[in-house]
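Notes for the one structure printed next.
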Number of protein chains: 2
Amino acid sequence: MAMTTDARGSPAERSRQRRERILDAAAHVFSRAGYRDAAVDDIAREAATSKGGVYFHFPTKESIFRELIRSTAERLVAKVEREVARETDPVLQADAAIWTVLRTFAGHRSMARLLLVDALGAGRPFRAELLRLHERFAELIAGYLDRAVAEGVIAPLDANVAGSAWFGAIHEVVLRWLVADRPPPLERAYPTLRLLLLRSVGVPEERLAELPNR
Amino acid sequence: MAMTTDARGSPAERSRQRRERILDAAAHVFSRAGYRDAAVDDIAREAATSKGGVYFHFPTKESIFRELIRSTAERLVAKVEREVARETDPVLQADAAIWTVLRTFAGHRSMARLLLVDALGAGRPFRAELLRLHERFAELIAGYLDRAVAEGVIAPLDANVAGSAWFGAIHEVVLRWLVADRPPPLERAYPTLRLLLLRSVGVPEERLAELPNR
DNA sequence: GTGTACCGACCGACCGGTCGGTCGGTATCG
DNA sequence: CGATACCGACCGACCGGTCGGTCGGTACAC
């Protein structure tokens, strides 16, 4: 009845799956131990393969981590942009972005750990990459704010600083949730955070009153 | 005329100076290479002493770093509290805190690097310590906000979330300044940041108009 | 004043462990 | 019989920490 081996699919397919298994294991190990303290041997063990097996699929330890970060961030950005695109009003777009980020992180705690915590302990090159990621999010936000200014919804402001500040505020709130012992649901911070952020750029109180409930 | 040796002061005094020299060198090396990549030999070389000399004054590499972080943070918190105490109005207090932090970091770039960037790459125990530091600052801010609420200057809000958000916003703006190639003066972000933060908690526009110029 | 005993400060060769990466080999499949 | 995938023993760089030893003072006796 049950197959005696799990040798399903073509060789190419099996190889792809193995690669994926290694990536999954790596995500696990990295977010448990941090980049430096995660040994390739640990990843190999958790992926039920060997160090040689890992190095067959990836040239370096660093490349595993990079790929993990890149694809994770990619998915998040895409998700945010998709949700934002469903709205046309800049205020609602900003709100949707905040909500999507919080909700996604809330549902993927270890992914969040990887992206926000571990990547920092990984040495120079990663920090640079991570900071570019920060920048990317900050610019995403700055873009929405600029459009809000252009449409006259809010008064002009330095969108770069505001983008960084928004990103930093969200980042820190998520970080606190990540490192707390038994944290309340992340979503609970949403109403306060949304109010703070929207008010900070001068969205008028009337607009704030008519925001959707979540 | 000039002394032929630089052997000034009592032995005890010389020892204290040496210790200080090592601490200075460590700050340098740590903020250049990050904790993990900073070898004790490097610190020794930069302090014009030897590894053994370093280990005479400090029990472990970790202890050097801890002392550096602790004393630096201590000084900053004390400075902020001193500046805040010169004001009585909660809004002006918050403004003074923001200004003090920005101005201090602006004047001590490598110190800021140490505190905000390197400490993160230093492994588990430091991250914990660093996060307690975040918490401390966030609570400092939350305290001011609570008082502002109590005095009826702003409407009630979740001061914990707001404290984290404020801290995160400031943190990120400073971080961006730290890692930029040739950044504009950090103080230039101050007007925007101050406006964002104070508005975010609902300080009325009239109050914002009467803030001091810097 | 000077010999002597002592001590804190400092030196740097060395040890031991860790870990990323390599390489010669083997198994499995088409 | 090749090629692809995989294995795991091994290498070597690196680095925190140790330890036996040196050296410049200082105190004190005489």
Side-chain angles (χ1 to χ4, degrees), chain A residues 3-26 29-30 32-68 118 121-126, chain B residues 3-26 29-30 32-68 118 121-126:
Chain A
M3 295 205 166
T4 47
T5 87
D6 56 357
R8 320 167 177 263
S10 67
E13 174 60 17
R14 290 192 65 205
S15 179
R16 216 192 47 75
Q17 280 180 13
R18 183 75 116 174
R19 201 187 135 92
E20 217 57 38
R21 268 236 306 285
I22 293 170
L23 239 22
D24 283 352
V29 175
F30 281 142
R32 196 189 326 123
Y35 179 79
R36 304 296 278 251
D37 291 340
V40 176
D41 280 316
D42 297 339
I43 297 172
R45 197 175 326 114
E46 185 137 344
T49 179
S50 65
K51 194 140 108 168
V54 171
Y55 276 96
F56 177 80
H57 289 281
F58 297 90
T60 60
K61 178 185 178 186
E62 192 175 313
S63 71
I64 305 175
F65 193 74
R66 280 203 135 83
E67 174 148 350
L68 227 38
D118 299 304
R124 315 236 121 229
F126 298 103
Chain B
M3 294 204 169
T4 48
T5 86
D6 55 356
R8 318 163 181 267
S10 67
E13 174 60 17
R14 290 191 67 204
S15 177
R16 217 191 47 74
Q17 280 180 14
R18 183 75 115 174
R19 200 186 136 91
E20 216 58 38
R21 268 239 306 286
I22 293 171
L23 239 22
D24 283 352
V29 175
F30 281 141
R32 194 186 330 120
Y35 179 79
R36 304 295 277 250
D37 291 341
V40 176
D41 279 318
D42 297 341
I43 297 172
R45 197 174 326 113
E46 185 136 344
T49 177
S50 66
K51 194 140 109 171
V54 171
Y55 276 98
F56 177 80
H57 288 283
F58 298 91
T60 61
K61 178 186 177 184
E62 194 175 312
S63 70
I64 305 176
F65 194 73
R66 280 202 136 81
E67 171 148 351
L68 227 39
D118 300 302
R124 313 234 125 234
F126 299 104

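Both backbone and side-chain heavy atoms feed into the values below; hydrogens, waters and symmetry mates do not. Small disclaimer: the values here were computed from a predicted structure and weren't measured.
- Rounded to whole Å, atom C1' of D:dA5 lies 14 Å from atom CD of A:Q17.
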* Asked: Where do A:I64 and A:V40 land on the side chain to side chain contact (heavy atoms under 4.5 Å, CB included) test, with the steps shown first?
  -> CA-CA 10 Å; A:I64 305 175; A:V40 176; 5.6 Å; no
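- Between the CD1 atom in A:I43 and the CD1 atom in A:I22 there is a gap of 9.0 Å [rounded to 0.5 Å].
- Of the candidates D:dC7, D:dG8, C:dG12, the closest approach to any side-chain atom of A:K51 belongs to D:dG8.
- Atom-to-atom, CZ of B:R19 to C1' of C:dG8 comes out at 15 Å; the value is rounded to the nearest Å.
- Proximity of residues 39-48 of chain A to DNA chain C (heavy atom under 4.0 angstrom from any strand atom) is restricted to A:A39, A:V40.
- Under 4.0 Å is where a charged nitrogen must lie from a carboxylate oxygen, and between B:R21 and B:D24 no such pair does.
- Rounding to the nearest 0.5 Å gives a distance of 5.0 Å between CD of B:E62 and OH of B:Y35.
- The stretch residues 54-65 of chain B touches DNA chain C through B:F56, B:H57, each having a heavy atom under 4.0 angstrom from the strand.
- To the nearest 0.5 Å, atom NZ of residue B:K51 and atom CG of residue B:D42 are 10.0 Å apart.
- In terms of phosphate contacts, B:R18 brings no side-chain nitrogen or oxygen within less than 4.0 Å of OP1 or OP2 of C:dA9.
- The nearest pair of heavy atoms linking B:T60 to B:S63 is O-OG, 2.7 Å.
- The backbone N or O of A:A39 sits nowhere less than 3.5 Å from a side-chain atom of A:K61 that would complete a donor-acceptor pair.
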* A:F56 vs A:R18, side chain to side chain contact (heavy atoms under 4.5 Å, CB included): CA-CA, chis, key distance, verdict -> CA-CA 11 Å; A:F56 177 80; A:R18 183 75 116 174; over 6 Å; no
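- Candidate nucleotides C:dC10, D:dC6, D:dA9 were compared by shortest atom distance to the side chain of A:S50, and D:dC6 ranks first.
- Counting to the nearest Å, the C1' atom of D:dC15 and the CZ atom of B:F30 are 13 Å from each other.
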